[in-house]
Amino acid sequence: MLGDTKTLTTTQSGSTFQLKDTTRGNGIQTYTANNGSSLPGSLLTDSDNVWTDRAGVDAHAHAAATYDFYKNKFNRNGINGNGLLIRSTVHYGSNYNNAFWNGAQIVFGDGDGTTFRSLSGDLDVVGHELTHGVIEYTANLEYRNEPGALNEAFADIFGNTIQNKNWLLGDDIYTPNIPGDALRSLSNPTLYGQPDKYSDRYTGTQDNGGVHINSGIINKAYYLAAQGGTHNGVTVTGIGRDKAIQIFYSTLVNYLTPTSKFAAAKTATIQAAKDLYGANSAEATAITKAYQAVGL
């Protein structure tokens, strides 16, 4: 979607090629809904294995990159840890400004060209949606109120770390005619209307109790743990993204439960840091201070 070239793993079937990768887990398959709404749609095919469906290319390549991240970083075999087939569908609906994980697959709209370009065009969005699948098979955080905000935050944190480019989420696909903006910022959530401390959390009923709003609090804690900085008078010495993501992954798979709230997440993340790096480690201190800095 950004005009770049990607290399894909495909499968030949007779005289055509299919957007099907059989080398990762139980496979990665990429479909088109042909601007309809039936899923998964039609498997994308090509006659010469030179692919020109930009949304399909990005969906397929970004799914592979996400699989590789979880495999290489945590030795996790796909979404469910057992090689679950990753199925993606592009060209869903007409000018549809969203992407989602429906419990079985990932779905991408093409966007309307003004608010969004095709949502498969951003690796951190693809990583975010597939991480919702990982969350479903691990902590299975309820999608409302604080557990739902944790669900969104962990999806943001992993998606952003998979791309590992900056601290923005959705910047490659959001408002393509306006450079430099994004859906959310982990380093400064308030840029996009999110709170960056617990006392400013949203407590209403919209957005399933603020799942996309209050995720900023946890995103900021992760940013501070990884990058360091001073926030609300608390100074954090950063430990780097690599250690921070190991801690948050352990938190997700070993400690969080479907009803975990922010306070439980703080306790769990500190414990995960102690497990990995020691009770009196710089890493455990950084996590503790990062949560303190966001008022937890």
Side-chain angles (χ1 to χ4, degrees), residues 1-6 54-55 57-59 61-70 72-74 97-99 106 108 111 114-132 134 149-197 212-231 235-249 252 286-287 290 293-294:
M1 294 307 304
L2 302 181
D4 55 325
T5 300
K6 290 182 168 72
R54 292 169 181 253
V57 165
D58 275 354
H62 290 159
T66 300
Y67 176 90
D68 290 349
F69 174 86
Y70 276 101
N72 297 335
K73 191 74 77 175
F74 314 115
N97 278 322
N98 205 358
I106 186 173
F108 301 100
T114 303
T115 307
F116 287 98
R117 60 163 59 95
S118 179
L119 282 94
S120 65
D122 196 332
L123 175 55
D124 59 29
V125 171
V126 178
H128 170 107
E129 298 302 341
L130 289 173
T131 297
H132 277 307
V134 174
L150 286 171
N151 194 317
E152 278 296 321
F154 273 76
D156 277 356
I157 287 163
F158 281 88
N160 180 268
T161 305
I162 290 165
Q163 189 174 41
N164 200 24
K165 184 177 74 169
N166 53 33
W167 296 103
L168 299 172
L169 201 99
D171 48 314
D172 289 337
I173 47 99
Y174 183 59
T175 56
N177 303 317
I178 304 172
D181 69 345
L183 285 172
R184 291 183 288 281
S185 166
L186 279 70
S187 61
N188 185 5
T190 61
L191 274 179
Y192 303 108
Q194 289 186 299
D196 62 5
K197 59 179 185 287
H212 292 93
I213 301 168
N214 291 332
S215 59
I217 298 164
I218 304 300
N219 286 350
K220 179 72 174 188
Y222 174 78
Y223 165 79
L224 288 167
Q227 190 72 9
T230 301
H231 184 56
T235 298
V236 186
T237 302
I239 57 174
R241 283 188 205 240
D242 200 53
K243 287 180 175 178
I245 203 66
Q246 291 288 348
I247 293 167
F248 273 68
Y249 179 77
L252 179 67
I287 294 292
V294 297

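- Counting heavy atoms from C-beta outward, I213 and P195 have side chains that approach closer than 4.5 Å.
- Among all heavy-atom pairs drawn from T131 and Y70, the shortest one is OG1-OH, 2.8 Å.
- The only option from D171, D196, D156, D122 that meets the salt bridge (charged side-chain N to carboxylate O under 4.0 Å, His left out) definition with R184 turns out to be D156.
- S120 places no side-chain N or O within donor-acceptor distance of the main-chain N or O of D58, the cut-off being under 3.5 Å.
- Summarising the geometry, atom CG belonging to N98 is positioned 11.5 Å from atom OG1 belonging to T115; distances are rounded to the nearest 0.5 Å.
- Within a 6.0 Å sphere centred on CZ of R241, other residues, nucleotides and ligands contribute more than 12 heavy atoms.
- Note that OG1 of T66 and CG of D124 are 10.0 Å apart. Values are rounded to the nearest 0.5 Å.
- Across every non-hydrogen atom of E129 and A99, the tightest pair is OE2-O, 3.3 Å.
- For the residue pair Q194 and H212, no side-chain donor N or O sits within less than 3.5 Å of a side-chain acceptor on the partner.
- The minimum heavy-atom distance linking I239 with A286 is given by the pair CG2-CB, 3.6 Å.
- Counting only distance, with no hydrogens or angles, the side chain of K220 and the backbone of L186 share no donor-acceptor pair below 3.5 Å.
- At a threshold of 4.5 Å between non-hydrogen side-chain atoms, the residues W167 and N188 do not count as touching.
- Minimum heavy-atom separation, L224 to A293: CD1-CB, 3.7 Å.
- The line from CD1 of I162 to CD1 of I157 is 12.0 Å long, rounded to the nearest 0.5 Å.
- Applying the ring-ring contact (aromatic ring centres under 6.0 Å, His included) test between F154 and each of Y249, F248, Y222 identifies F248 as the sole match.
- When all heavy atoms of A244 and A226 are compared, the closest pair comes out as CB-CB, 3.9 Å.
- When atom types are taken as modelled, the side chain of Q163 and the backbone of L169 share no donor-acceptor pair closer than 3.5 angstrom.
- Rounded to the nearest 0.5 angstrom, M1 CE and D172 CG are separated by 11.0 Å.
- How far CG of L150 is from CD1 of I218: 5.0 Å, rounded to the nearest 0.5 Å.
- Taking the side chain as every heavy atom from C-beta outward, F74 and I245 approach each other to under 4.5 Å.
- The shortest side-chain heavy-atom distance between F108 and I173 does not fall under the 4.5 Å cut-off.
- Aromatic ring pairs are classed by plane angle as parallel below 30°, tilted from 30° to 60° and perpendicular above 60°; the pair H132 and H128 is perpendicular.
- Side-chain atoms of N160 come within 3.5 Å of backbone atoms of L168 as a donor-acceptor pair (strictly under, hydrogens ignored).
- Taking all atoms of both residues into account, the shortest heavy-atom contact from V126 to A63 is CG1-N, 4.0 Å.
- Annotation: the span from L191 atom CG to L183 atom CG amounts to 12.5 Å, rounded to 0.5 Å.
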